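Below, each value reflects all heavy atoms present in this structure, side chains not excepted, and no hydrogens, waters or symmetry copies. What you see is a predicted model, and the numbers here were worked out from it, not measured in a lab.
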Amino acid sequence: MADSQNLLQTLTDEFQNLQKDLSSVVEARQKLESQLQENKSVQKEFAGLDDNAKIYKLVGPVLLKQDKTEAVMNVDKRLEFIEAEIKRIEGQITELGTKQEKKKMEILQLQSQL
């Protein structure tokens, strides 16, 4: 009986750790989504500019002039990176959700045996 209680406690702790991990991954996903929307907004702004428009990039406390094609390329690369990270994190969310569901079933099965 004591072994079953210890096992139940261990499973519960593992389940809670999975919940914490899932929560932090979902939070990271939300941050990436925010960055994605911000960069898409910048991309739309760039689309409306003339080719000879002056673009400045904030680097620390200084504004540096930047070529439009270079700025557009940087934003496009950033968008690609963010989208790839979102896909990677969505995979982690799915994996953690599956692990969490399995752990939940183990806990329920053990509880029904007690």
Side-chain angles (χ1 to χ4, degrees):
M1 187 71 157
D3 289 341
S4 295
Q5 288 294 338
N6 288 339
L7 180 59
L8 182 61
Q9 184 61 44
T10 302
L11 289 173
T12 303
D13 290 344
E14 290 173 2
F15 182 77
Q16 288 173 344
N17 286 337
L18 285 171
Q19 282 182 318
K20 288 178 188 175
D21 292 346
L22 184 62
S23 177
S24 65
V25 171
V26 167
E27 188 177 316
R29 167 71 168 86
Q30 290 171 338
K31 286 180 183 177
L32 284 171
E33 185 63 37
S34 174
Q35 291 175 354
L36 180 70
Q37 294 307 317
E38 184 179 326
N39 280 281
K40 282 184 177 181
S41 174
V42 170
Q43 192 178 41
K44 286 180 187 175
E45 288 292 324
F46 283 166
L49 293 177
D50 294 335
D51 286 339
N52 58 356
K54 294 181 181 178
I55 297 175
Y56 293 91
K57 179 179 182 177
L58 185 63
V59 178
V62 179
L63 283 175
L64 298 176
K65 191 171 182 179
Q66 191 175 27
D67 184 49
K68 182 184 178 195
T69 56
E70 182 182 346
V72 169
M73 268 185 8
N74 287 341
V75 170
D76 290 344
K77 285 180 185 177
R78 224 176 300 136
L79 282 169
E80 286 177 28
F81 174 77
I82 291 169
E83 288 168 351
E85 280 296 297
I86 287 174
K87 286 180 185 176
R88 185 183 67 79
I89 285 185
E90 284 175 347
Q92 284 183 333
I93 290 171
T94 303
E95 180 184 336
L96 285 170
T98 304
K99 285 181 181 179
Q100 190 176 18
E101 194 60 35
K102 286 180 183 177
K103 199 60 67 179
K104 180 180 174 183
M105 290 305 192
E106 287 180 46
I107 292 170
L108 291 174
Q109 187 177 16
L110 184 60
Q111 284 177 336
S112 68
Q113 292 173 0
L114 292 178

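No donor-acceptor distance shorter than 3.5 angstrom exists from the side chain of S23 to the backbone of Q19, with no hydrogens or angles considered.
Here the CG-CG distance, from L7 to L110, works out to 5.0 Å after rounding to the nearest 0.5 Å. Note that the CD1 atom of I107 and the OG1 atom of T10 stand 10.0 Å from one another [nearest 0.5 Å]. The structure places CD of Q66 at 15.0 Å from NZ of K54, a figure rounded to the nearest 0.5 Å. Rounding to the nearest 0.5 Å places CG of N17 at 12.5 Å from CG of L22. Considering CD of Q16 and CG of L11, their distance stands at 11.5 Å, rounded to 0.5 Å. From L63, atom CG reaches atom CD1 of I55 across 12.5 Å, with rounding to the nearest 0.5 Å.
With sequence neighbours excluded, the residues that form a side chain to side chain contact (heavy atoms under 4.5 Å, CB included) with L64 are V59, V62. Under the side chain to side chain contact (heavy atoms under 4.5 Å, CB included) criterion, S24 pairs with no residue, sequence neighbours left out. In this structure, the side chain to side chain contact (heavy atoms under 4.5 Å, CB included) partners of K104, at least two apart in sequence or on a different chain, are F15, E101, L108.
With 3.5 Å as the limit, one finds no donor-acceptor pair spanning the side chains of Q9 and Q5.
Placement of V42 and L49 within a single hydrophobic cluster is found when ILVMFWY residues are connected by side-chain heavy-atom separations under 4.5 Å, directly or transitively. Both V26 and L36 sit in one connected hydrophobic cluster of ILVMFWY residues. Membership requires side-chain heavy atoms under 4.5 Å apart, directly or through other members.
More than 12 heavy atoms of other residues, nucleotides or ligands sit less than 6.0 Å from atom CD of Q113.
Screening residues 56-76 for salt bridge (charged side-chain N to carboxylate O under 4.0 Å, His left out) gives D51-K68 as the qualifying pairs, with residues at least two apart or on separate chains. Residue pairs satisfying the salt bridge (charged side-chain N to carboxylate O under 4.0 Å, His left out) criterion with at least one member in residues 82-98, sequence neighbours excluded, are listed as follows: R29-E90, E85-R88, E95-K99. Residue pairs satisfying the salt bridge (charged side-chain N to carboxylate O under 4.0 Å, His left out) criterion with at least one member in residues 9-21, sequence neighbours excluded, are listed as follows: E14-K103. Counting only residues at least two apart or on different chains, no salt bridge (charged side-chain N to carboxylate O under 4.0 Å, His left out) pair has a member in residues 36-46.
Residues I89 and A28 share a closest heavy-atom pair of CD1-CB, 3.9 Å. Considering all non-hydrogen atoms of both residues, I82 and L32 come closest at CG2-O, 3.5 Å.
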